[in-house]
Amino acid sequence: MKAFHDRRTTRRKFLKESLFGVAFLSASKLIPTEVLLAGELSQVPKDLVFFSPREYLIFEAVAERIIGLPSPGQPSVKEVGVSSRADQFLAGADPEVQDQLHQLFTVFNAAFFTFLFDFRFCSFLNMSATDKDSYIRDWMTSKFGFRRTGFQALKRVSLSMFYTDSRSWKEIGFEGMFMPEDRK
Amino acid sequence: MIVRSSEINGPVHESADVCIIGSGCGGGASAKVLAEAGKKVIVLEEGGYYTSKDFDATEQTAYQHLYQQRAGQATDDLAVTVLQGRCVGGSSTVNWTTSLRTPDFVLEAWKRDHGIQGFSPKELDPYFEKVEQYLNIHTEPFENHNPNNRLILDGAKKLGFRASAVGRNTKDCVKAGACGLGCPFDAKKTVAITYIPDAVKRGATVFANFRATKVEVTRTTKRVSGVVFDHQTQKPKTDFIIEAPIVIVSASAINSPVLLLKSNLANNSGELGKNLTFHLTSAVLGVFDQIMYGAGGIPQSAMSDEFLNKNHDGGGFWLEAVPIYPTLAALALPEFGSMHRELLHQYPHIGATIILVKEIDSNGRVTVNDHGRASISYTLRDKDLGYLKQGVGVAARVQFAAGAKRVITLHARLTEFNSPEEIGNKLAVSNWGMNEIGLYSAHPLGTCRMGSDPKRSVVDEHCQTHDVNGLFVIDGSVTPTSLGVNPQVTILAIAEKSAEWIAGNFADIKAR
């Protein structure tokens with residue numbers, strides 16, 4: 001068991017480690033992702049303010065796995081509009097955080113990196129649901145600090161966009177807070 | 001008067017006797033004392049001005065409008081979430097009301113290790129009393145504790161640990177549970193409804209949505225400049241300049257050093273931004289047969305201080321309850337996907353106990369990133385990590401003693417105990433590295449620390465910077481050590497004391 005400080009990763013270090021991988025991004029572009037996703041890309045909202053269309057699809061796929069499937073009759077990630085809400089939310093984030101997130105989506109999805117990290121030659125978007133869960137778990141438990149940080153970033157944005165929406169409350173038994181009579 | 005940015009139509013250029021940057025405990029209390037002493041006071045607040053009519057007791061509204069970085073502020077590696085208020089009233093608007101004096105052993109260490117005079121328990125006593133009276137600080141009778149707080153009192157008692165009710169700054173509290181979301185009933189005596197209106201009554205002006213970006217020192221005055229933000233869009237609207245002979249920076253332990261570093265001021269010691277302590281916090285979540293409904297009732301009214309300074313090394317930990325709002329619970333729970341969702345299905349039955357570590361060997365640093373914003377790093381070292389581990393174990397035992405059927409830690413990977421006997425072995429094999437355990441801070445302190453030695457500290461015992469006459473820092477950043485208790489009463493008492501000194505020595509400070 002290592003102490004916290006032995007595995008400390010600053011944002012600068014995260015950037016540096018990720019940039020090591022970004023140098024290989026040209027290789028990942030050889031994979032025909034755009035062709036594979038052409039149908040889905042057409043369904044992406046046109047008025048995005050933070051995500052690129054591809055990032056939007058990656059985030060939505062991640063959010064669906066992180067939040068999990070709803071109980072019968074309860075709203076899904078799509079129904080709550082988690083990805084559109086995240087798009088608006090992240091547009092107001094610290095510029096440095098925004099840069100990091102754009103980089104994260106590239107590294108997280110590209111087949112080159114899924115192979116480099118986990119010996120899977122398949123982009124995240126093209127994985128089966130089981131493989132997606134397994135891949136996300138690899139990020140959560142990775143020995144590389146920047147991957148655990150990346151997982152935390154995705155988990156936090158996904159869950160906060162879902163559970164701040166009142167439509168998600170019924171499933172967990174939250175009835176809202178007590179308010180003054182005249183404002184209920 | 002309180003001026004919202006919607007009322008501003010062009011560049012602002014004003015002058016005052018004192019310009020205060022930040023309207024939380026440090027800035028708000030200073031504003032009141034100085035305005036009552038007849039000084040012309042201008043307060044600049046980066047966040048908005050809201051009243052109880054604006055509070056709808058939802059996380060969405062609260063995080064969006066009342067918290068720094070919409071409650072997403074964290075260390076650069078995301079290992080520690082740092083919760084702070086960002087509105088008129090600062091963190092007092094969103095804290096959970098716990099109001100405690102600085103422990104005597106902490107004040108003694110300030111004198112012994114940092115040469116600070118005038119801060120003995122006896123010397124601070126009148127300031128604590130003043131704050132306690134003004135904010136109606138009191139403890140709750142047993143019947144007012146919600147199940148989540150009672151479990152601390154019950155569990156600790158069964159194990160023979162000391163536990164008691166904590167002081168709270170409320171009046172006519174209806175036990176709605178919304179303290180962390182902005183009190184819709186005005187029952188919480190926040191700075192925004194106490195010190196600030198009293199300062200305004202005596203002529204102070206508060207500008208909301210005014211972000212100070214630079215402090216400049218000239219031979220005759222000081223100039224604070226910055227940007228006015230549109231209240232709705234958060235986009236820059238216009239600029240402002242405030243000139244005053246005395247400037248008080250009260251922007252918190254995160255943003256005060258950022259402003260001073262950007263202004264190239266008060267850092268001859270090289271200590272500015274260093275010595276950050278978090279009162280590092282993690283939690284255990286107990287699953288009970290009965291409904292706990294941790295979002296309702298008084299969120300924080302009891303504690304166990306059995307393990308604070310128990311080894312007489314100045315360290316240790318403390319147990320408190322925490323309100324269990326849905327998003328807060330979702331973010332804290334381990335795992336993801338179906339396992340995470342199943343855990344959340346237990347939501348009404350979850351009781352949460354937090355462990356707050358008073359650091360003795362860990363610290364962090366605030367620097368300025370390429371975009372001029374705070375960059376926060378933190379290193380958890382062995383002694384405090386030891387207390388954190390011990391605290392998680394003790395909190396789990398308290399939960400079992402109070403009736404929990406199983407207890408879950410905040411490790412990323414599910415770590416749960418089905419009996420007290422499992423705690424030791426499971427914690428011994430758990431991972432405690434960065435982002436392997438959920439960590440939080442609502443009490444960042446220490447980045448402009450006080451001390452008698454200008455080579456080792458940023459401000460003196462009056463909170464005046466060693467380097468610049470008339471430039472003060474009055475907020476949580478001046479505490480030279482972690483406190484071990486929730487800091488609002490300490491910050492308010494320091495502000496009352498320092499502002500009183502400024503008022504009494506105004507002419508001298510101005511003339512120098």
Side-chain angles (χ1 to χ4, degrees), chain A residues 1-14 64-71 89 92-97 99 133 136-137 140-141 143 145-160 162-166 168-169 171-180 183, chain B residues 53 56-60 63 69-72 76-79 81 174-178 181 184-185 234 295-296 325-327 329-331 335-342 344-345 347-348 362 369-371 373 375 377-382 385 412-413 428-437:
Chain A
M1 179 175 57
K2 285 196 174 183
F4 188 65
H5 58 277
D6 293 333
R7 297 196 191 170
R8 179 170 160 263
T9 301
T10 64
R11 180 173 289 162
R12 204 166 290 281
K13 192 175 168 194
F14 169 57
E64 281 174 347
R65 301 320 304 168
I66 284 182
I67 293 165
L69 294 173
S71 303
F89 177 80
D94 184 311
E96 186 153 337
V97 173
D99 292 346
D133 285 353
I136 292 172
R137 177 163 292 278
M140 180 179 91
T141 58
K143 64 182 177 181
F146 81 89
R147 292 185 82 197
R148 297 199 303 276
T149 298
F151 167 78
Q152 283 300 326
L154 295 170
K155 180 178 176 181
R156 286 175 198 197
V157 178
S158 304
L159 292 173
S160 53
F162 189 71
Y163 287 103
T164 48
D165 190 294
S166 58
S168 68
W169 296 349
E171 183 177 347
I172 63 170
F174 177 63
E175 296 165 2
M177 303 297 287
F178 178 68
M179 284 291 288
R183 291 169 58 197
Chain B
K53 295 276 184 284
D56 64 4
T58 67
E59 288 178 285
Q60 184 171 348
Y63 297 160
Q69 294 187 31
R70 294 167 297 166
D76 293 343
D77 55 15
L78 299 185
T81 299
V174 298
K175 298 179 264 185
L181 309 173
F185 299 87
Q234 291 297 304
Y325 306 132
T327 310
L331 294 174
E335 297 290 342
F336 66 93
S338 55
M339 198 186 296
H340 180 270
R341 205 146 181 158
E342 279 170 31
L344 259 180
H345 286 162
Y347 175 79
S362 306
N369 71 19
D370 296 341
H371 299 276
R373 310 297 288 272
S375 170
S377 59
Y378 182 82
T379 305
L380 176 60
R381 299 190 195 281
D382 292 341
L385 178 61
R413 232 187 276 230
V429 296
S430 298
N431 293 322
W432 298 82
M434 178 261 290
N435 284 320
E436 291 177 318
I437 173 91

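Note that these values count all heavy atoms, side chains included, but never hydrogens, waters or copies made by symmetry. Letters go in sequence order (proteins before strands), and every chain restarts at 1. Keep in mind that this is a model prediction, so the values were computed, not measured.
- Note that CD of A:Glu96 and CG of B:Asp76 are 7.0 Å apart. Values are rounded to the nearest 0.5 Å.
- Note on B:Thr58, B:Val174, B:Asp56: by heavy-atom pairs under 4.5 Å with chain A, the leading option is B:Asp56.
- Side-chain atoms of A:Trp169 and B:Tyr347, non-hydrogen and from C-beta on, never get closer than 4.5 Å to each other.
- For the options B:Glu335, B:Met339, B:His340, heavy-atom pairs under 4.5 Å to chain A are most numerous at B:Glu335.
- Using a 4.5 Å cut-off between heavy atoms, A:Ile172 contacts chain B through both its backbone and its side chain.
- Of all the heavy atoms in A:Asp133 and B:Phe336, the pair that sits closest is O-CZ, 3.4 Å.
- Looking at A:Glu64, there are no atoms closer than 4.5 Å to chain B (heavy atoms on both sides), in backbone or side chain.
- Chain B forms the most heavy-atom pairs under 4.5 Å with one residue out of A:Val157, A:Asp165, A:Ile136, and that residue is A:Ile136.
- Side-chain contact between A:Asp99 and B:His371 is present, with at least one heavy-atom pair separated by less than 4.5 Å.
- Taking NZ of A:Lys143 as the start and CG of B:Asn431 as the end, the distance is 13.5 Å to the nearest 0.5 Å.
- Among the candidates B:Gln234, B:Lys53, B:Glu342, the residue making the largest number of heavy-atom pairs closer than 4.5 Å to chain A is B:Lys53.
- When every heavy atom of A:Met179 is checked against every heavy atom of B:Phe185, the shortest pair comes out as C-CZ, 3.7 Å.
- A side-chain donor-acceptor contact under 3.5 Å links A:Arg156 to the backbone of B:Leu78.
- Using modelled atom types and a 3.5 Å distance limit, the side chains of B:Asp77 and A:Thr149 yield no donor-acceptor pair.
- The closest donor-acceptor contact from the side chain of A:Arg148 to the backbone of B:Gly433 lies at 3.5 Å or more, if one exists at all.
- For chain B, the nearby part of A:Phe162 is the side chain; its heavy atoms alone come within less than 4.5 Å.
- Partners of B:Thr327 by side chain to side chain contact (heavy atoms under 4.5 Å, CB included), not counting sequence neighbours, listed by chain and number: A:Ser160, A:Tyr163, A:Thr164, B:Glu59, B:Tyr63, B:Leu331.
- B:Arg373 places no side-chain N or O within 3.5 Å of a backbone atom of A:Asp94 that could act as its donor or acceptor partner.
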Yes or no on side-chain contact (heavy atoms from CB on, under 4.5 Å) for B:Lys175 and A:Phe178, after CA distance, side-chain angles and deciding distance?
CA-CA 9 Å; B:Lys175 298 179 264 185; A:Phe178 178 68; over 6 Å; no

